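Written out below as structure tokens is the structure these notes cover.
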Amino acid sequence: MSGGKGRLIAVSNRVGPIRDTPQAGGLAVALVDALRERGGLWFGFGGKLAAHPREAVQLDSFEGLHTATIELNTADYHSYYNGHANGCLWPLFHFRPDLVHYRRDDYAAYLRINQRFADALAPLLQDDDILWIHDFHLIPLASMLRARGCRQRIGFYLHIPFPALDLLLTLPNHLELLQQLSAYDLIGVQTPVNLDRLHDCFTHLLGLPQDGNCWQTATHTLRTGVFPVGIDVETFEGFATQPRAVRTVNRMRAELRNRTQIIGVDRLDYAKGLLRRLEAYERFLEQHPRAHGRVEYLQLAPVSRGEVGAYQDFREQMERDAARINGRYSRYDWTPLRYLNSPLSRATLAALYRASAIGFVTPLRDGMNLVAKEYVAAQDPEDPGVLVLSLFAGAAHQMNAAVIANPYDSDAVADALETARVMPLAERRERHAELLKGLHDYDARRWQHDYLDVLSQNP
Ligand code: ADQ
């Protein structure tokens, strides 16, 4: 513990492996950093499912980091995780009501899993702890802890977008969700637009009195704020410049034979805009025959949430579209698109970013998008690549020096690719320097400090 502050209790759906190399750029790094600095505990699901899970909490420690994990019931977990969290809340919060599957049974399981978290966590807490709960899986947790008599400060951070009021209305239990949110002491979101949408719902659906970012509930003052997630810039730069990465970059450049590599890196998720991105790349190839044989698009997309129906359909469509583009444009000595589903180590990923002259990041909706930031951090400042970034990534609020495009307009995205492909070195350097400065100003450490400072203060 440091500076007389209480322990930090970080809570997330999954507790990451603590013995592996830290995941630069990932959320885990920021949390691990905060936990090491303040002292505390990382609490969540440990990964073991069972028909009759053990009640006991498993405690573990490694290099000053303490974790407490629980086992969960298999059937409940599937309804909570694949059902309500990823089959209902995720598409709704990403503006895709057409993909929402709301089921009462799934919602009941979501509440049971949150109750299980609260039952296991409450006895571990000390009076001066502060709790930081992460993401849409655990929205009801503060209200459940309060019902168990916990009086500690409890903050929530939403990593994904917050939906517009009209969309939220389509959720049958939207009032309950807003009431669950109002039980927190602080709610953090990624961008000002998300904050406006949250405020709209508090004003018009809950009718809470507001004073700036403070809201008066029947029991307490709730605060809200914008805290954009950053990455651990130095660690990522380090990955991209270590000798192994340099060898990978050199090998890749030799294979590319002066071709411009475009890189996309996304979990295989419909929100990341991959189908429209392929459409835009095809449009680019149609409109720029001179680029044939001169560009190669590498799309890395590790399979994610493969048990959710919407993800299976989307994966099949991706495979069809990728095959069509290659069938239509490949030559015996050139393949325009390479599409890989395997996950890569952070070091290899950093090297691939650095070997790519264009970072292609065009989600249809994204809380922040850390890939955009990692791509910039991995570039060689003397000869940097260009970031093509969607207007609808939270990152676009901070990264104005990227080439910003509307992912719903495939002509505009094709134009953005061509702008990036022919951009002169001086302009590339200028844009990159500005982007890199932004990454340093709002890195992962700043994010957790800003958030925890506000959470620790009295309103
Ligand atoms: P995600 O939706 O997972 O996160 P993102 O922010 O892009 O999205 O982070 C993905 C992470 O996975 C990146 O660190 C990336 O490097 C890694 N990754 C992707 N493909 C990989 C591969 N093939 N191999 C190895 N690593 C790979 C959610 C929200 C985002 C928000 C973050 C953090 O949806 O909007 O930015 O949380 O708040």
Side-chain angles (χ1 to χ4, degrees), residues 10 12-36 42 47 62-63 65 67 134 159 228-253 255 261-269 272 298-305 338-361 363 366-381 384-385 387 389 393 395 399 432 435-436 438-440 442-448:
S12 58
N13 170 51
R14 281 299 300 267
V15 170
I18 54 171
R19 286 187 167 70
D20 296 354
T21 331
Q23 303 236 315
L27 166 68
V29 163
L31 283 188
V32 167
D33 237 34
L35 286 165
R36 286 223 165 91
W42 188 3
F62 181 68
E63 295 180 351
L65 182 66
T67 63
H134 289 266
H159 290 261
V229 166
I231 64 164
D232 180 358
V233 188
E234 279 89 13
T235 308
F236 214 84
E237 283 171 334
F239 277 146
T241 48
Q242 68 191 6
R244 195 156 68 91
V246 173
R247 284 197 296 277
T248 309
V249 172
N250 290 340
R251 207 171 50 241
M252 179 142 248
R253 289 216 169 113
E255 274 164 25
Q261 180 160 272
I262 303 170
I263 193 167
V265 177
D266 309 79
R267 280 185 307 96
L268 194 49
D269 194 305
K272 301 292 179 185
L298 172 65
Q299 177 62 54
L300 308 175
V303 177
S304 162
R305 304 173 191 170
R338 279 174 301 146
Y339 171 53
L340 277 71
N341 290 132
S342 51
L344 299 169
S345 73
R346 313 296 299 164
T348 308
L349 198 56
L352 294 184
Y353 286 137
R354 199 173 175 95
S356 304
I358 300 175
F360 201 11
V361 185
D366 218 333
M368 176 52 62
N369 196 297
L370 296 179
V371 169
K373 297 189 169 183
E374 292 166 0
Y375 175 77
V376 169
Q379 296 306 299
D380 174 0
L387 176 65
L389 180 62
M399 304 180 86
H432 177 258
L435 289 170
L436 194 61
L439 293 194
H440 282 289
Y442 286 92
D443 66 355
R445 182 154 293 161
R446 165 93 188 259
W447 171 67
Q448 55 100 342

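The structure displayed is predicted, hence computed values, not measured ones.
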Rounded to the nearest 0.5 Å, what's the gap from CG on Asp266 to CZ on Phe360? Could you check?
10.0 Å

For a 4.5 angstrom cut-off between non-hydrogen side-chain atoms, does Arg445 reach Glu234?
no

Which one of Val371, Leu340, Asn341 satisfies the side-chain contact (heavy atoms from CB on, under 4.5 Å) criterion with Leu300?
Leu340

Using modelled atom types and a 3.5 Å cut-off, is there a donor and acceptor pairing between side-chain atoms of His432 and backbone atoms of Gly385?
no

Does a sphere of radius 6.0 Å around OH in Tyr339 hold more than 12 heavy atoms from other residues, nucleotides or ligands, not counting ones at 6.0 Å or beyond?
yes

When you compare the side chain of Gln448 with that of Leu31, does any pair of heavy atoms fall below 4.5 Å?
no

Spatial distance of atom CG (Asn369) from atom CD (Glu374) [nearest 0.5 Å]:
8.5 Å

Minimum heavy-atom separation for Val376 and Leu436, please, with both atom names.
CG1-N, 4.0 Å

So Arg267 and Arg305, do their side chains get closer than 4.5 Å, heavy atoms only?
yes

Can you check whether Thr348's main-chain N or O pairs, donor with acceptor, with Ser345's side chain at less than 3.5 Å?
yes

Say whether, by atom type as modelled, one donor and one acceptor occur between the side chain of Arg338 and the main chain of Leu298 under 3.5 angstrom.
no

Heavy-atom closest pair (Val229 atom, His159 atom, distance to 0.1 Å) is CG2-ND1, 4.3 Å

Shortest non-hydrogen separation from Ala351 to Val249 and the atoms involved
O-CG2, 3.4 Å

Kindly give the heavy-atom pair with the smallest separation between Met399 and Ala372, and that separation in Å.
CE-O, 3.8 Å

Quick check: closest heavy atoms across Leu439 and Val233, and the distance to 0.1 Å?
O-CG2, 3.5 Å

Considering only distance and modelled atom types, tabulate donor-acceptor pairs under 3.5 Å from the side chains of residues 237-246, sequence neighbours left out.
{"unit_1": "Thr241", "atom_1": "OG1", "unit_2": "Glu237", "atom_2": "O", "d": "2.9"}
{"unit_1": "Thr241", "atom_1": "OG1", "unit_2": "Gly238", "atom_2": "O", "d": "3.3"}

Looking at side-chain heavy atoms only, is the closest gap between Ile263 and Tyr375 below 4.5 Å?
yes

For Gln379 and Tyr353, indicate whether the former's side chain and the latter's backbone hold a donor-acceptor pair under 3.5 Å.
yes

Ignoring hydrogens and geometry, is there a side-chain-to-backbone donor-acceptor pair from Lys373 to Ala395 under 3.5 Å?
no

Can you tell me how far CD1 of Ile231 sits from NE2 of His440, rounded to the nearest 0.5 angstrom?
9.0 Å

If you look at every heavy atom in Phe62 and Arg36, which pair is closest and at what distance?
O-NH2, 3.7 Å

